[in-house]
Structures are given as structure tokens and as C-alpha cells.
Amino acid sequence: MNTTTDLERLRFNMIEQQIRPWDVLDFDILELLGSIRREDYVPAAHRSLAFFDMEIPLGNEPGQVMLSPKVEARMLQDLKIQKHESVLEIGTGSGFMAALLAHRAAQVLTLEIDPRLAATAEQNLRTNGVHNVEVRVADGAKPLPSGPTFDVIVLSGSVARVPQNLLGSLNIGGRLAAIVGDEPVMRAHFITRTSEGQWDTVQPWDTVAPRLLNFPEPSRFNF
């Protein structure tokens, strides 16, 4: 991966061999993935893995990873984000998903519990000219302060169940994307708020992702 030609070939192969076969066919999404430099958001020690079909470690803690390219791409496509919309992301990681979201939306607030990762993500975003993202050090599992609501909420990791407080932070017509369940089977959930007290859910595909920290786990009884 020493030349521009090598990078572009690997990027092309990532899109054609990983992302398209996962039913990501939206031309605008594919074009975006071809233009955003994923390698700029990968830690230097793992940069050679930037275009592989795998989760990339971001730190020393379990679960601190970049999700695989196909999962990020499919979530982005299925959310159908519009240019006027506001987005909340929980789990900033390296900032790559925030960069993708920022190119689709008006404004992105992304929460990262690890201050070191948050600082790195903010630097990655600024270096790549992404200015409509606010990176905030915060525990996304805690209820949001009253006030702001969002058109889109993205959980960049898995949870056992989607907290009700996040559903209440959606605007009417807003969508939430999360990977829900327990290994070895998890499903992507896309939840749309259709009215003040009603939400509709679809679960279109399976995947597995590391847990986001501090979200509630169901009780497990031992007999």
C-alpha cells in the first residue's frame, strides 16, 4: 500500500467484492465510499488492513474497533439520511462512520466514552476537512440531557436491547439503527418513530458486532 494506485485498487476491490455483494447498491453511497479515505481513519499500526473485510482494533480495550466496511456501508444505505437531517452517533471510534454520516447529513453529534479515541477521531475529521461533526466525550449509555432530538441515531456497536430513552430522542419520522442481540446471532434493527408514541421496527439482516460499553444487559438465570 505504498502508492496511490495501490490504494485505489484496494478501495475499488473493497467496494466491488465486499460492499456490493452485501446489497449496497445505492450509487451515492458507493461513490461516497470511493471518495472518503478510509485509510486516514485507521491506526498506523493497522493501516495495511484498512480495506479488509474485518473489524480493525483501535485500542487496548476489548470492543474498541472499526466495524467492517460492509456493515458501515449497509447501515448508511438503509438509514436513507437526507442533507437537512441531524444525526447522533454513539461510539465514535476512529471517526470514519462520523465522516460518512457528515457527508449525508447537515450536522452530526458523535459521543465517545474514551477520551483518547475521541481526541484521535476529532483530529482525523479535521485533517480530512470534515467540519460539521461535533465529537463529545460522553457515555452514550446515559440518558441524554433534555432538549435535543435527532432525525437519525446510529449505534456503532451492539446492544442487548435498544434503550427507550434513545427512541424518545428521535424526531417524528426519525430513524435509529442498532445491532441488537447476543452472539452468535445479532440482527440489525432499524426503528422509525411514526408518531409521538409509536415506533416501527424492521430487522433486515444479520451480523455480529462488539458491545457498546455500559448499556444494560438482560438478567441471566442459572439453574
Side-chain angles (χ1 to χ4, degrees), residues 10-39 41-42 49-56 58 63-83 85 87-105 108 110 121 130 133 140 150-162 166-167 170 173-193 199-212 215:
L10 290 169
R11 198 184 326 278
F12 176 85
N13 289 343
M14 175 189 72
I15 292 169
E16 296 301 320
Q17 297 174 10
Q18 298 173 41
I19 293 172
R20 275 189 189 272
W22 241 50
D23 291 331
V24 180
L25 305 174
D26 184 304
F27 176 78
D28 291 336
I29 299 294
L30 296 173
E31 188 174 54
L32 181 61
L33 291 163
S35 63
I36 302 296
R37 293 170 52 88
R38 193 171 198 270
E39 66 274 19
Y41 294 85
V42 176
L49 305 175
F51 306 105
F52 281 53
D53 183 14
M54 62 179 293
E55 294 167 352
I56 297 177
L58 295 177
Q64 291 183 334
V65 300
M66 291 177 71
L67 296 177
S68 69
K70 67 187 183 187
V71 170
E72 293 169 326
R74 185 71 187 270
M75 290 182 78
L76 191 66
Q77 173 183 265
D78 291 359
L79 280 166
K80 298 180 173 62
I81 300 168
Q82 305 298 309
K83 287 299 291 183
E85 292 186 315
V87 179
L88 170 67
E89 180 193 25
I90 296 176
T92 312
S94 71
F96 180 67
M97 188 65 177
L100 295 175
L101 294 165
H103 281 79
R104 302 287 292 175
V108 177
T110 180
V130 181
V133 175
F150 302 89
D151 300 303
V152 175
I153 299 176
V154 181
L155 277 62
S156 288
S158 69
V159 291
R161 61 172 64 92
V162 178
L166 287 179
L167 298 179
L170 284 174
R175 290 88 64 210
L176 180 146
I179 298 166
V180 182
D182 296 290
E183 292 192 68
V185 179
M186 300 180 185
R187 292 194 69 84
H189 284 49
F190 293 86
I191 304 172
T192 301
R193 187 172 195 175
W199 295 262
D200 288 346
T201 302
V202 295
Q203 303 174 29
W205 40 275
D206 296 337
T207 189
V208 174
R211 276 289 193 255
L212 290 170
F215 281 84

I need the [X] [atom1] to [Y] [atom2] distance, nearest 0.5 Å.
| X | Y | atom1 | atom2 | result |
| --- | --- | --- | --- | --- |
| Arg11 | Glu39 | CZ | CD | 4.0 Å |
| Leu88 | Phe150 | CG | CZ | 4.5 Å |
| Ile81 | Arg175 | CD1 | CZ | 7.0 Å |
| Leu155 | Leu212 | CG | CG | 5.5 Å |
| Trp199 | Thr192 | CH2 | OG1 | 12.0 Å |
| Met97 | Thr92 | CE | OG1 | 12.0 Å |

Taking ring-ring contact (aromatic ring centres under 6.0 Å, His included) as the definition, give me every residue that meets it alongside Phe96, ordered by chain and number, with sequence neighbours left out.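 For Phe96 the ring-ring contact (aromatic ring centres under 6.0 Å, His included) partners, ignoring immediate neighbours, are Tyr41.
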Taking side chain as C-beta onward, heavy atoms only, is [X] less than 4.5 Å from [Y]?
| X | Y | value |
| --- | --- | --- |
| Ser68 | Met54 | no |
| Met66 | Leu58 | yes |
| Leu33 | Pro69 | no |
| Thr207 | Leu67 | no |
| Leu100 | Met75 | no |
| Val71 | Ile179 | yes |

Among residues at least two apart in sequence or on other chains, which ones pass side chain to side chain contact (heavy atoms under 4.5 Å, CB included) with Asp26?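 Testing Asp26 for side chain to side chain contact (heavy atoms under 4.5 Å, CB included), a comparison that skips the adjacent residues, returns Asp28, Ile29, Gln77.
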Holding to side chain to side chain contact (heavy atoms under 4.5 Å, CB included), I want the full list of residues that pass it with Arg187, two or more places apart in sequence or in another chain.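 Partners of Arg187 by the side chain to side chain contact (heavy atoms under 4.5 Å, CB included) criterion, ordered by chain and then number, come out as His189, Gln203, Asp206.
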Ignoring hydrogens and angles, tell me if any N or O in the side chain of [X] forms a donor-acceptor pair with the backbone of [Y] under 3.5 Å.
| X | Y | result |
| --- | --- | --- |
| Arg104 | Leu79 | no |
| Trp22 | Arg74 | no |
| Lys83 | His103 | yes |
| Ser94 | Ala121 | no |

Would you say the side-chain atoms of Asp23 and Trp205 include a donor-acceptor pair closer than 3.5 Å?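 Looking only at side-chain atoms, Trp205 and Asp23 do not form any donor-acceptor pair under 3.5 Å.
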